[in-house]
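The figures that follow rest on heavy atoms only: side chains count, while hydrogens, waters and symmetry mates do not. Residue numbers begin at 1 in each chain, while the letters A, B, ... track the order of the sequences.
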2 protein chains.
Amino acid sequence: MHIAITGAAGFLGQRLVARLLSRGTLAGQAIRRLTLIDMVEPPVVAADGVEVTRLAMDITEPGRLDPVLATKPDVIYHLAAVVSAAAEADLALGMRVNFDATRVLLEGCHAHGLAGTRLVMASSVAAYGGELPEVVDDMTALQPQNSYGAQKAMSELLINDYSRRGLVDGRVLRLPTIIIRPGRPNAAASSFASSILREPLNGEAAVCPVPSDLSMFVMSPQKVVEALIHGAELAGDALGSFRAFMLPGITVSVAEMLETLRQVAGDEALALVRHEPDPRISAIVSAWPSRFTTRRALELGFRGDGDLREIVDAYLKAEA
Amino acid sequence: MHIAITGAAGFLGQRLVARLLSRGTLAGQAIRRLTLIDMVEPPVVAADGVEVTRLAMDITEPGRLDPVLATKPDVIYHLAAVVSAAAEADLALGMRVNFDATRVLLEGCHAHGLAGTRLVMASSVAAYGGELPEVVDDMTALQPQNSYGAQKAMSELLINDYSRRGLVDGRVLRLPTIIIRPGRPNAAASSFASSILREPLNGEAAVCPVPSDLSMFVMSPQKVVEALIHGAELAGDALGSFRAFMLPGITVSVAEMLETLRQVAGDEALALVRHEPDPRISAIVSAWPSRFTTRRALELGFRGDGDLREIVDAYLKAEA
Ligand SMILES: NC(=O)c1ccc[n+]([C@@H]2O[C@H](COP(=O)([O-])OP(=O)(O)OC[C@H]3O[C@@H](n4cnc5c(N)ncnc54)[C@H](O)[C@@H]3O)[C@@H](O)[C@H]2O)c1
Ligand SMILES: NC(=O)c1ccc[n+]([C@@H]2O[C@H](COP(=O)([O-])OP(=O)(O)OC[C@H]3O[C@@H](n4cnc5c(N)ncnc54)[C@H](O)[C@@H]3O)[C@@H](O)[C@H]2O)c1
């Protein structure tokens, strides 16, 4: 089993690599080879008996991926991306990384005869938008209101078409908002959703820029990584007529997040959260749907978090 | 008012040009200039007081459209395309004409500062597919099961994103199956839908390859051309959060088509239709949705045919 990962130095990439190495197998086969690809050199990993290649490259440069594809990986995780704020600030950059790189990868798989290669891509809740129904389901249109979401939606269509034509075996997982991300706040509009839990749990102050009744559709990094694993293990013909679907996140309100924080870490922790409304952030985040039925993902065996408390506990355990 | 049209030598392009010239105005302004673009040289048109430029070019060649965009057309109709069968037979060709050409056009509009230019593109019912609900509405997902539909869906997303960013003023009309096309049968899977009416109306034999209970969502060429006109006349901010929607076709079964034929042209005409089931054609056409609510298009003032009889009468009148 040879696995190649683009964006391997990123948040999910690093966690996926660690999990693959701790499992040792994927789809019932021993992992013999890992090819880690990122713009920044992927960190060294301890990997007994696994041949690990770490490549620093811009995957949007023509031909750069060819030597990797020539080695015929069994599974490719395509996680390289520029996030929503960056794609909104620079349309050409977002198109190149979030769409053209997907296309180059697909054309490369075709050229190298990788019809059986399982290509797993991460899409996003940000691909939804417009006049959404109360509850979003698997047949709700993607009408993205940001360039990142549009680029992800275009990539989904292309992966589905290449898969339908039998040129690759693609599967695209739409990720809910991930909480709790470890580390520091970042420029993402959703950054507060991790911050208002993470910072107080670590005894630090945090700012909540949105009203307490705002709801979000969320998943822990641990469950997202499990979903990436499961996404590669599924048989292609189980996937039916469209290769992209939403993962089973859970719907939580900011009020529930704060109440869970209080239950876990007490009133002192809750008092560390300052409410400072930011209409710009509220506008972006409230446009993302928060209520889904994720029938296809559940039928395919994907599993989300039980409840918010489980997410907080998983964070405390992982970071302890 | 300066209007540029790609695919101007095609079926709809030629009819649109004729209609624009017979109206003389668009969006309340006199048409002063028409730029007709196609791979094959657009036919000469009689146009009093309108400056007509006819350009034979491959619009997918880099830079070819620049001289046209430099003249800052007020309206661009983007109709150039390769149809479904050709796009399915040649993935690279379909991607180039049905998607890359749209992108090049959008990037060109951006580069030439055509933020106010109204860009009208024709998408298709073939962009729908997968596990569709009984009745499709404006928020039903596009999960195309053919490369043509995937390329159209990707173009829709890109036009919407460029419009949302204020780089162009796009609008995309998803066309129902067009009946009755004049002329001869072609390679399109839907060709029979025109043939089984047109040929008997002209005293010729036709083959019906699908079961009589098959339904289709259809529109006459006349109403499609009116919709293209209306699509350019709408104010951009009336279009809301997504720039693509289905036109108000009507749902007709093959049985109704044959019964209308009998009413118009008698039993002798009906007897000219031979039933010869073709599972390949049935499979393709029955995958297209036939029942829609087209609320957005109706609210925006688009109008379809009253009934099938009107479509037949319009054909007889136009071809008489
Ligand atoms: N809920 C969501 O919407 C959501 C959440 C998380 C992740 N995602 C998606 O999951 C994937 C991984 O996300 P993440 O949180 O780990 O992001 P990340 O930003 O931490 O990682 C992305 C990696 O891609 C790399 N990269 C960017 N451009 C590249 C290029 N041209 N060539 C090579 N490498 C390049 C970056 O260096 C980075 O290491 C992304 O596709 C992201 O869009 C979606
Ligand atoms: N129901 C539907 O699905 C449906 C029906 C009709 C039309 N449409 C769409 O409407 C539009 C017009 O359709 P039509 O029936 O007139 O098709 P058509 O094939 O008659 O016309 C398309 C024109 O585009 C031109 N063209 C193709 N590639 C080109 C290139 N690289 N550079 C320049 N010109 C090029 C062709 O020469 C042709 O004249 C198309 O976009 C089509 O996809 C959809």
Side-chain angles (χ1 to χ4, degrees), chain A residues 87-92 94-95 98-100 102-103 106-107 110-111 127-134 136-167 174 239-246 287 289 295-296, chain B residues 87-92 94-95 98-100 102-103 106-107 110-111 127-134 136-167 174 239-246 287 289 295-296:
Chain A
E88 200 59 29
D90 185 340
L91 176 59
M95 281 298 290
N98 295 339
F99 176 70
D100 291 328
T102 307
R103 182 171 177 182
L106 289 167
E107 287 172 352
H110 183 190
Y128 289 95
E131 292 171 32
L132 290 165
E134 251 309 287
V136 171
D137 68 26
D138 292 315
M139 284 309 287
T140 302
L142 299 187
Q143 302 192 342
Q145 302 302 314
N146 59 87
S147 293
Y148 169 81
Q151 292 147 9
K152 290 286 187 186
M154 288 165 50
S155 294
E156 289 189 5
L157 286 159
L158 206 53
I159 289 178
N160 188 63
D161 201 44
Y162 269 71
S163 300
R164 187 189 59 78
R165 295 180 78 107
L167 304 175
R174 293 182 193 138
L239 291 162
S241 54
F242 201 69
R243 296 298 186 114
F245 45 84
M246 190 72 201
R295 190 179 56 79
R296 289 198 54 217
Chain B
E88 199 60 27
D90 186 339
L91 177 59
M95 282 297 291
N98 295 339
F99 176 70
D100 290 329
T102 307
R103 182 170 177 182
L106 289 167
E107 287 172 353
H110 183 189
Y128 289 94
E131 294 171 31
L132 289 165
E134 250 310 287
V136 170
D137 68 26
D138 292 315
M139 284 308 287
T140 302
L142 298 187
Q143 302 193 343
Q145 302 302 312
N146 58 88
S147 293
Y148 170 81
Q151 292 147 10
K152 290 288 187 185
M154 288 165 50
S155 293
E156 289 189 4
L157 285 160
L158 206 54
I159 289 178
N160 188 63
D161 200 45
Y162 269 72
S163 300
R164 187 189 58 80
R165 295 180 78 108
L167 303 176
R174 294 182 191 137
L239 291 162
S241 54
F242 201 69
R243 296 297 187 116
F245 45 85
M246 190 73 200
R295 191 179 55 80
R296 289 198 52 217

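By the side-chain hydrogen bond (donor to acceptor under 3.5 Å, both in side chains) test, A:Arg174 is found to be paired with A:Tyr128, A:Glu156, residues two or more places apart in sequence or in another chain being considered.
Within the 4.5 Å cutoff, the side chain of A:Ser147 has heavy atoms near those of the B:Arg164 side chain. Using a 4.5 Å cut-off on side-chain heavy atoms (C-beta onward), A:Phe242 and B:Glu131 make no contact. Inter-residue side-chain proximity for A:Asp161 and B:Pro144 is flagged as unmet; no heavy-atom pair is nearer than 4.5 Å. Looking only at side-chain heavy atoms (C-beta outward), A:Met95 and B:Leu158 come within less than 4.5 Å of each other. The shortest side-chain heavy-atom distance between A:Met139 and B:Met139 does not fall under the 4.5 Å cut-off.
Side chain of B:Gln145 to main chain of A:Ser241: a donor-acceptor pair is present (N/O by atom type, distance under 3.5 Å, no hydrogens or angles). In this structure a side-chain-to-backbone donor-acceptor pair under 3.5 Å is missing from A:Arg165 to B:Asn146.
Looking at A:Leu91, both its backbone and its side chain come within 4.5 Å of chain B, counting heavy atoms on both sides. Heavy atoms of A:Glu88 lying under 4.5 Å from chain B belong to its backbone as well as its side chain. The contact between A:Asp138 and chain B is made entirely by backbone atoms, counting heavy-atom distances below 4.5 Å. Proximity to chain A (any heavy atom under 4.5 Å) is shown, for B:Arg243, by neither the backbone nor the side chain. In this structure, the portion of B:Leu167 lying under 4.5 Å from any heavy atom of chain A is its side chain and not its backbone.
Going from atom CD of A:Gln151 over to atom CE of B:Met154 covers 11.5 Å, rounded to the nearest 0.5 Å. B:Leu142 CG to A:Leu157 CG: the interatomic distance, rounded to the nearest 0.5 Å, is 7.5 Å.
Listed options B:Asn160, B:Thr140, B:Leu132, B:Asp137 were ranked by heavy-atom pairs under 4.5 angstrom with chain A; first place goes to B:Thr140.
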